[in-house]
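See below for the structure under consideration.
We name chains A, B, ... by the order of the sequence lines, and we start the count at 1 in each one. Treat the numbers as computed from the prediction; the structure is a model and nothing was measured.
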Amino acid sequence: MFAWLVLCSLLAIAQTKEITGKVTDPQGVPVSNATIKIKGANGGTSAGLDGTFKINAPANATLVISSIGFETAEVPVGESSTVNVEMKQANGALSEVVVTALGIRREKRMLTYTTQEVKGNAVVDAKQDNLVNALAGKVSGVQITNSSGQPGSSSQLVIRGNASLTGNNGALYVIDGIPIDNSEAGNPDGPLGAGGTANRAIDIDPNIIESINILKGAAATAIYGSAASRGAVIITTKNGRGAGTMNKPTVSLSSSYTFQQPLYPDLQRKWAQGSGGKYVDGNNGQLGSASWGPLLDTLRVNGAPVPFHDALKEYFRTGHTTDNNLSVSGSSERSNYLVSYSFLKNDGIVPTTDYVRNSFFAKYGTKISNKINLTTQFNYIHSDNNRTLDGNSLEAPLWTVLAAPISWNPFPTTHPDGSQQIYRAARNNPYWLLDNTGLKDKVDRIIPAFNLSYSPTSWLTITERVGGDMYYNTTEYHENVGTVGSYPDGRLYNRTIVYQQWNNDLMFDARKNFNRDWFGELIVGTNLVANYNDNKFDQGVGLSLPGFYNMGNAQTVTSSYSYYKSRKVGFYGQANVEYKKMLTLGLTGRYDGSSVLSSDKQFYPYGSASAGFIFSELLGLNSNPVLNFGKIRAAYSIVGNDAVAPYQLTNPYFQVNAANATTIGTINFPFNGQNGYLLTTQYGYPLKNETVKEFEVGLETKWFSNRASLDVTYFNKKSSDLLTPGVPIDPATGFNAASLNSGTMRNSGVEVTLGITPIKTKDVNWNVTVNFTKIKNEVLSLAPGITFLQFAGFVNPGIFAFANSPYGVIYGTHFKRGEPGSKNAGQLLLDDDGYPQLDENLAPIGNATPDWLGGLTSELTYKNFLFSFVLDMKQGGNVINFDAHYLDFYGTSKITENRNGTKVFPGVIESTGQVNTTAVATDQIFYQNLWSVTDETSIADASFLKLRQVTLGYRVPLPKTGVIKSLSINVTGTNFILHKNYDGADPEVSLNGSGNGQGFANFMTPTSKNFIVGLRATF
Amino acid sequence: MIKTVESMKKRYIAVLLASLSLTGINCKKYLDINTDPNNPLSVSEALVLAPVEVTLSTNIVGGFSGTTSAYWMQYLSLNQPSPNVETYRLLPADVDNTWSFYTYPNALYNLNNMITQAEAAGHMGYAAIGKALTAYTLAVTSDVWGDIPYSQAFQIKTNLKPTYDSQESIFTTVQGLLDSAIYYTNQAPGAIEPGGDDYIFGGDMDKWRKFIYFLKARYALRLTKAPGHTATAQADIALAALTNAFAGNEDNALVPYPGTPSAENPWYENTLPGAGGVVLGESFVNTLKTKSDPRLPIFATENNVGEYVGRPAGIDAVPDPSDFSSVNTFYGGYLPDDPDNSAGAAASVYLATYAEQLFMEAEATFYKSGAAAADPIYRTAIAAHMDLLGVAAGDRDAYIAARPALTDATALEQIINEKYIANFLNLEAYNDWRRTGFPVLTPAVNAYQNSPIPTRWPYSQTAVLTNPQPQQTAKTTDKVWWDQ
């Protein structure tokens, strides 16, 4: 018996032989880590980094070679002992590879959570200066809101609803595995009175992007750590592979030119300056704030008509943008490189404003040895932004531009005695402001990264990745002597921000195929983040020599300097098990420590568990003509978060200084020779981490041989122990606010992505993608005993969080209505004359949260022509257009054009209870004394349907052997508003920039509709 | 072969664990960097006293409290459409900054901490000034809000919702704090004394003592009509205190302003064009004109046609505010037409003047001894104010001679009417008007909801939100305890 076994095994051994070989792709590039198995038998091996493998196989065996992104190949073992395999790129749809957290590439079909990808080309084609705006309408579960039409303005991206009361609700941005900063430095005077600046994602040049993957839920980001508890935008840059041919450089050149046409709000253009129908001659020294005068066309002054001026249309100009990119890239078997330079210059629709960006990017990847890969990259950006102020301060030109009477001539802007030509007291001439005030924002930014991966064995890869994000941002502002405002003698300030972040990841990634059916992967890693930030602010008040803007020319100079350091440490692990490429189980765990939390609560653990099941495999539907792919997945995750600034745990004294936001009136210390400090007004309680718990379940299906796909996801996430600075407490305690963990919010919703390819022939290809998002947000509780919390706006109107309401309640004065439960519940209670009555008690009057969001992308190609467009729709949600509060009073808003009319207000007369039938005059007195002082009249519907972009492109047919390899020309239009219920120019506007107080608009520069002509060529 | 693989595996695992543990070394220490390097946890008393004094004069006396009192007492008028604060619309949101920033956290709590620190270190001068200013601030606060928290305040670790003390107990506390302050002025000063950081008196404890006695008299007279108090008893207390108070205008309590940019008098800021047209009130200007008061050109500027004209309270906004007279530079006003229009920026804010003291003495003497005894003091009081303003001696004497003699029937009205003029822009005018009913004022036209001149403030929005108390139902037409 024993002998027989030995004989058999000897025979078996004698029959197998050692096969060596190499796996490559059609370009000859090695396919590293490809799996080689023997068909019908257990066991297998993996190719090394260089694609070579060794396997013992029987003589008549067939080798099955598979790898992510390629069609599985079957190669019989012939006589030879060398088998070289060339693999074909897989049909995109089924074997999509996406980049997940930590830069790990995984097959989309095996993911247990939802992601959505936007290709780099789509980002470039959107023709936006700010990368965030380029994603609008393309991703479900995401809300993107632009702030202002000035060049270099910010935009906010929120994934799956606002989860933080006063902290950062924006997603984390990661480039090639390195997290980068996306903060908005903002204006030192605050957004209400001065508008904002750009968010830092604007520095990233769309031309270097290969793809962007949006990780929406906590399951996707649990391994990423706290910073990604609000979702992550994973950006992967191009690496030089893929385009062109091996060993030959590809030069690519693109250039486009944009014309920007401002979008104007509606204003009345019939009635001249004055009050009560009487003309006030603002052109000849009379002063009057309003346009309730006579009709302009019949007005005569000394027998002569008064010329018509449209202050709005005369102020703005057609904007121009030029955007150019030159890049060289290439690859060989062992290395790849990309060098790219872009120049963007946007001359905005407001005179004297512009945004210039120079971006330089270089990336080099090489195989140092067969087992070691090194990629180094370096991104340098320099940008300059010249802006005017937006918002509710006297130094913002738009106030006058929108409120100026049509009879007023703003020129010459200055009288012989030096005073400004203005039609009323307490305002500035807008052209005078353009000449005498200005904000200049400059950024120099470097993002270097190094990625070293070492594969000592075929199943283990060790990756060391270190990267930094460093920028130097200076903001300079000046107001000349003679500015009407708080500083009549002039003012200037310089702010310098230095930001440095270093991120280090060391990961061990072990992946192995266990027999035919099982695949396992284990990742263990450690992460270090160190953050340093300093802020220097100098303000000079009183210019000794008017018009000379240098700090040495200021009479009183105050300075402040502060720096901030924070650090994080993380240990993480992820385990994935796959069975027959059909069932996946995933587990993640992470243990974080953060320097900003109380020392006994600095470390906190969290993790996730998720599963995916491709039921179409089990049912053998792969070739089914109707449903050929179906997968369900479910995930539950917990993420801890430390989103609070450093140094919140103590109560220090602050020097009384504008930079510390503690001045006494306009007085800074040192004052009269003495320095001065006052105790902080915010009490710092001990802090621990926030927690987000999220449940997500989804269904992914593909139909009609991949001609259609439908993905539906439901999520429910609850964030608790929210880190909330600024919770009000009774000032009699000595502090008027406290920083503590309190508050819970819930976001739940549905994301649907539908893809259809209605036409797919040799010449014609038509793809349509539809996104739909519905998110329900509710603030469950605030701090104990606190029922509301303000985080933006004025005292009234303001943007608040109310318990048991969606986040973003707009709060202000309103008309008197019947109490709920009373006979006239909800009805207007009118006075005896039939007018509504102002109710002074502040109450919620609107909410910024939309009902649902949708987007549609269509791409139609016919031979060499391309026609595509992106529609973006937002339904529901309010914006308080606070311009109306002023313009209704001054009589320049459109609604005041009909000033001789009457209206019957629907409601009941309060004293009698009778239904109202009396018509009342809607005249100057009505608008000034009642309508404009009631905040609810400024609430507007922010719904819109926008054609984000429409493109017609032509790929010029070229001989294959020419110098020019490809050339395409396109014509694009962007930002067309197809439908809005909004009186202002664009309902997508926010005075708070990329901050939390969305839904508030006041004297913001309008956006523009744009026409772009561009070409792209590769050599 | 197998053995080698096994040991290699072991070696890999060992390396793995070693490198992970290396990165774990000193995690705690690596994260221990959360101490604020930018702002100190404690400072000397001098660094706190200076901004507290400026807060009192800029944000309270010259801030919203000052402008509101000035509009209601019709010293000033606001050329903006109604409803507004001039026409008696005052909402909890409007008074929020005063309660939530300036009074409790910035002034009272910082003073509280400064006194504690000074007493522990034996720096008696700071303890004295701290107690005096605390008493001053409490009185200013209670005058408009009635019942306010104090005895349960400043205990954040144990009490987030302090109950309110009655106004009566606040005024008792105020007198107690002033007595304690007097005690401290008489002690040896200790190692560190206030100096340049005390903008009011430069650290001179004698002057502080006189001012504290002045305040004792002022708050004693406040209670002439309070329940359980009589005018004569309060007059006794006041006169006793006044014997130790100011000796002349050189003792006035004031905060000086350099007038350079970012260091301007609050009334300068309040009368800038950007403030929306703050001008003089008609009843005040007309009173001065009727009596040919030589102080008129010092209080007021001429309007755009060279006349002295005040704006009737509450009328519709006129297009051009320079139709009316505005505040002149002695009291900090901004002058648009003057090439050196920043002279007002360097004006001082007066917390207490010798003139006011003499008027208090006249009133108290009247209660104790009748109109005839009060008459000479009354005249000296008017002279003291005119001297402060720099009125020529001849004009001053002529005006005083023209004042009718005090009679028992009209003395109070006569005294308070003249005190009203001397107390231009001072918070005391509003207190005297509520207490005595003088000067007689006609409410503004277009009064919000037909309200009479308000007699108190509503509680602040933050106070109502964070700490509901029964007193918070008070309306602006309710009267505070001493206002009977």
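Contact annotation for B:Asn79: neither backbone nor side-chain heavy atoms come within less than 4.5 Å of a heavy atom of chain A. Residue contact with chain B, scored on non-hydrogen atoms closer than 4.5 Å, involves the side chain of A:Tyr685 exclusively. Contacts of B:Leu272 with chain A are made by side-chain atoms alone, with heavy-atom separations under 4.5 Å and no backbone atom involved. Using a 4.5 Å cut-off between heavy atoms, A:Thr558 does not touch chain B at all. Proximity to chain A is absent for every atom of B:Pro266, based on heavy atoms less than 4.5 angstrom apart. Proximity to chain A (any heavy atom under 4.5 Å) is shown, for B:Ser100, by both the backbone and the side chain. Only the backbone of B:Ser82 comes within contact range of chain A, with heavy atoms under 4.5 Å apart. Residue A:Ile462 does not touch chain B at all, counting heavy-atom pairs closer than 4.5 Å. Residue A:Ser566 touches chain B through its backbone alone, counting heavy-atom pairs closer than 4.5 Å. Of the two parts of B:Glu269, only the side chain, counted from C-beta on, holds a non-hydrogen atom closer than 4.5 Å to a non-hydrogen atom of chain A. Only the side chain of A:Tyr683 has a heavy atom closer than 4.5 Å to any heavy atom of chain B. Only the side chain of B:Tyr448 comes within contact range of chain A, judged by heavy atoms closer than 4.5 Å. Residue contact with chain B, scored on non-hydrogen atoms closer than 4.5 Å, involves the backbone of A:Asn651 exclusively. There is no contact between A:Ser289 and chain B, counting heavy-atom distances below 4.5 Å. Interface residue B:Glu264: backbone and side-chain heavy atoms are both found under 4.5 Å from chain A. The contact between A:Ile729 and chain B is made by backbone and side chain atoms together, counting heavy-atom distances below 4.5 Å. With a threshold of 4.5 angstrom between heavy atoms, B:Pro256 approaches chain A through its backbone and through its side chain.
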B:Tyr109 vs A:Phe735, test: side-chain contact (heavy atoms from CB on, under 4.5 Å). Steps then yes/no. CA-CA 8 Å; B:Tyr109 190 48; A:Phe735 299 90; 3.6 Å; yes
Please assess B:Asn34 against A:Lys565 for the test side-chain contact (heavy atoms from CB on, under 4.5 Å), listing each intermediate value before the final yes or no. CA-CA 7 Å; B:Asn34 207 29; A:Lys565 272 165 107 152; over 6 Å; no
Give the intermediate values and the outcome of ring-ring contact (aromatic ring centres under 6.0 Å, His included) for residues A:Phe671 and B:Tyr199. CA-CA 10 Å; A:Phe671 172 79; B:Tyr199 299 118; 5.4 Å; yes
Is there a side-chain contact (heavy atoms from CB on, under 4.5 Å) between A:Phe654 and B:Asn38? Walk through the geometry before answering. CA-CA 9 Å; A:Phe654 283 89; B:Asn38 306 307; over 6 Å; no
Take A:Leu597 and B:Leu31, measure what side-chain contact (heavy atoms from CB on, under 4.5 Å) needs, and give me the verdict at the end. CA-CA 10 Å; A:Leu597 302 174; B:Leu31 297 180; over 6 Å; no
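With contacts defined as side-chain heavy-atom distances shorter than 4.5 Å, the pair A:Ile667/B:Tyr257 qualifies. Put simply, the side chain of B:Leu465 reaches to within 4.5 Å of the side chain of A:Pro728, judged on heavy atoms. Contact of the B:Thr55 side chain with the A:Leu678 side chain is registered, since non-hydrogen atoms from C-beta on lie closer than 4.5 Å. At a threshold of 4.5 Å between non-hydrogen side-chain atoms, the residues A:Tyr653 and B:Asn110 count as touching. Annotation: side chain of A:Gln286 is not in contact with side chain of B:Asp320 (no heavy-atom distance under 4.5 Å). Counting heavy atoms from C-beta outward, A:Gln674 and B:Pro51 have side chains that stay 4.5 Å or more apart. Residues A:Tyr564 and B:Pro37 form no side-chain contact, since every pair of their non-hydrogen atoms from C-beta on lies 4.5 Å or further apart.
Ranked by non-hydrogen atom pairs under 4.5 Å with chain A, the options B:Asp316, B:Ile156, B:Asp197 are led by B:Ile156. Among B:Pro81, B:Pro149, B:Ala317, B:Ala463, the residue making the largest number of heavy-atom pairs under 4.5 Å with chain A is B:Pro81. Among A:Thr681, A:Leu679, A:Asn672, the residue making the largest number of heavy-atom pairs under 4.5 Å with chain B is A:Asn672. Ranked by non-hydrogen atom pairs under 4.5 Å with chain B, the options A:Val484, A:Val596, A:Thr650 are led by A:Val596. Of all the listed residues (A:Gly288, A:Ala732, A:Ala426), the one sharing the greatest number of non-hydrogen pairs under 4.5 Å with chain B is A:Ala732. For the options B:Asn106, B:Val54, B:Asn113, heavy-atom pairs under 4.5 Å to chain A are most numerous at B:Val54. Of all the listed residues (B:Pro273, B:Ala153, B:Pro105), the one sharing the greatest number of non-hydrogen pairs under 4.5 Å with chain A is B:Pro105. Contact tally against chain A (heavy-atom pairs below 4.5 Å) for B:Phe101, B:Tyr150, B:Tyr102: the top residue is B:Phe101. Put simply, of A:Ser562, A:Gly542, A:Ala290, A:Gly490, the one with the most heavy-atom pairs under 4.5 Å next to chain B is A:Ser562.
Here the straight-line distance linking atom CD of A:Gln555 with atom OG of B:Ser262 works out to 11.0 Å at 0.5 Å rounding. The structure places CG of A:Leu649 at 10.5 Å from CG of B:Asp36, a figure rounded to the nearest 0.5 Å. Taking CG from A:Asp730 and OG from B:Ser460, the interatomic distance works out to 7.5 Å, rounded to the nearest 0.5 Å. Between B:Gln461 atom CD and A:Gln790 atom CD the span is 7.5 Å, to the nearest 0.5 Å.
Of all the heavy atoms in B:Leu47 and A:Asn675, the pair that sits closest is CD2-O, 3.5 Å. Across all their heavy atoms, A:Thr556 and B:Pro261 have their closest contact at OG1-O, 3.0 Å. Between A:Gly665 and B:Asn59 the shortest heavy-atom distance is N-OD1, 3.5 Å. Contact between A:Pro731 and B:Tyr104 at its shortest, heavy atoms only, is O-CB, 3.2 Å.
Looking at A:Arg424, its side chain never comes within 3.5 Å of a backbone N or O of B:Pro319 through a donor-acceptor pair. B:Lys28 places no side-chain N or O within donor-acceptor distance of the main-chain N or O of A:Gln602, the cut-off being under 3.5 Å.
When each of B:Thr158, B:Leu160, B:Asn467, B:Thr466 is checked for a side-chain contact (heavy atoms from CB on, under 4.5 Å) with A:Thr733, only B:Leu160 meets the rule.
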